[in-house]
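Below is one structure; the comments refer to it alone.
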Amino acid sequence: MKNYLKMTLIAAMAIPMLFSLSSCTPEHKDEEPPKEEKTYKGSFELTYIASADLLAVADIKISYNDETGKLVTEAVTTTAKWTKKVVYKKLPVTVGFKIAYTVKNPLPTDKPSFDLEYLYEGSVYSLDAKTNEVIALIHPNSHRMTPVKTEHVGATLETYNATGSYLIDDKGVKEI
C-alpha cells in the first residue's frame, strides 16, 4: 500500500510538470520568422563630352543634385570626359541635371563655321540598399553633331540646352 501511495503521489506531481513543459514550446512551429523589410537607395550618373569647336564658342555648365539634394554647378572646360556619380541613401529624392550653353563673348570669328558636337549619357537608378540589385532604371542620353555657320552659333546653342528631372523612391524611378 505504501508503494501504491508513493506511485500515486509521483504520478500526481508528474502530470502538472508535463503540462508545464509542453506549454513552453511555441504554439506555431510552422511559422516563418518575420521577413526583413527591404531598404532602397538611389544613384545618378552622368557622363558628358564636348568637341573642341563647341568649347571654342560656348561656356558649358552642368548642374546636378548632390547627395543632400543641393544643386551644384560645374564648368566643362576640356574635351576630356566629364563624369559625375552621386548615391542617395535617403529616399524619396528628386534628382536632375541641367546642361547650359552660353555663347562666348567675344565669339571667335576665325572660322566660317564650327562643328558643334556633344554627347551625354546618364543613368538614374533605384537600388536595393543591401544587394545593389537594380529595381528600376532610366537612361537619359543625347548626341548632337551640327555644322553651323558662325552667325548661327547663338541660335543653335539655345536648342542645345538640356534638362532632366527624376523622382527616385522605393517603387522605382520616374521622369517628372
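Quantities reported herein were computed from a predicted structural model and do not represent experimental measurements.
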Salt bridge (charged side-chain N to carboxylate O under 4.0 Å, His left out) involving Asp115 - partner list, sequence neighbours excluded: none

Any residue meeting salt bridge (charged side-chain N to carboxylate O under 4.0 Å, His left out) with Lys130, in chain and number order, not counting sequence neighbours: Glu36

Can you hop from [X] to [Y] via hydrophobic side chains spaced under 4.5 Å?
| X | Y | value |
| --- | --- | --- |
| Val57 | Val103 | yes |
| Tyr125 | Tyr40 | no |
| Val134 | Ile138 | no |

To the nearest 0.5 Å, how far apart are [atom1] in [X] and [atom2] in [Y]?
| X | Y | atom1 | atom2 | result |
| --- | --- | --- | --- | --- |
| Ile135 | Asp128 | CD1 | CG | 5.5 Å |
| Ile60 | Glu74 | CD1 | CD | 13.5 Å |
| Trp82 | Thr47 | CH2 | OG1 | 8.5 Å |
| Tyr120 | Arg144 | OH | CZ | 9.0 Å |
| Thr77 | Leu55 | OG1 | CG | 7.5 Å |
| Leu127 | Leu137 | CG | CG | 9.0 Å |

Check: Glu117 and Leu54 side chains under 4.5 Å, non-hydrogen atoms: no

Any side-chain heavy-atom pair of His143 and Leu119 under 4.5 Å: yes

Would you be so kind as to tabulate the donor-acceptor pairs closer than 3.5 Å made by side chains of residues 145-154, with sequence neighbours excluded?
from: Thr146; atom 1: OG1; to: Tyr160; atom 2: OH; distance (Å): 2.7
from: Thr150; atom 1: OG1; to: Lys111; atom 2: O; distance (Å): 2.6
from: Thr150; atom 1: OG1; to: Pro112; atom 2: O; distance (Å): 3.1

Contacts of Lys61 that satisfy side chain to side chain contact (heavy atoms under 4.5 Å, CB included) - sequence neighbours left out: Thr73

Lys41/Asn132 under side chain to side chain contact (heavy atoms under 4.5 Å, CB included): CA gap, chis, key distance, verdict: CA-CA 9 Å; Lys41 65 182 178 179; Asn132 283 333; 2.8 Å; yes

Residues Lys84, Ile62; criterion side chain to side chain contact (heavy atoms under 4.5 Å, CB included); working and verdict: CA-CA 10 Å; Lys84 187 57 62 182; Ile62 300 178; over 6 Å; no

Nearest atoms (heavy-atom pairs only) where Ala56 meets Pro108: O-CG, 3.2 Å

Result block: side-chain N/O donor-acceptor pairs under 3.5 angstrom for residues 86-101, not counting sequence neighbours:
from: Tyr88; atom 1: OH; to: Asn65; atom 2: O; distance (Å): 2.5
from: Tyr101; atom 1: OH; to: Tyr48; atom 2: OH; distance (Å): 2.9

Check: Gly122 main-chain N/O paired with His139 side-chain donor or acceptor under 3.5 Å: yes

Steps toward side chain to side chain contact (heavy atoms under 4.5 Å, CB included) verdict (Val72, Tyr64): CA-CA 6 Å; Val72 177; Tyr64 60 91; 3.6 Å; yes

For residues 165-176, dump all side-chain donor-acceptor pairs below 3.5 Å to protein atoms at least two apart in sequence or in another chain.
from: Asp169; atom 1: OD1; to: Lys171; atom 2: N; distance (Å): 2.8
from: Asp169; atom 1: OD1; to: Gly172; atom 2: N; distance (Å): 3.1

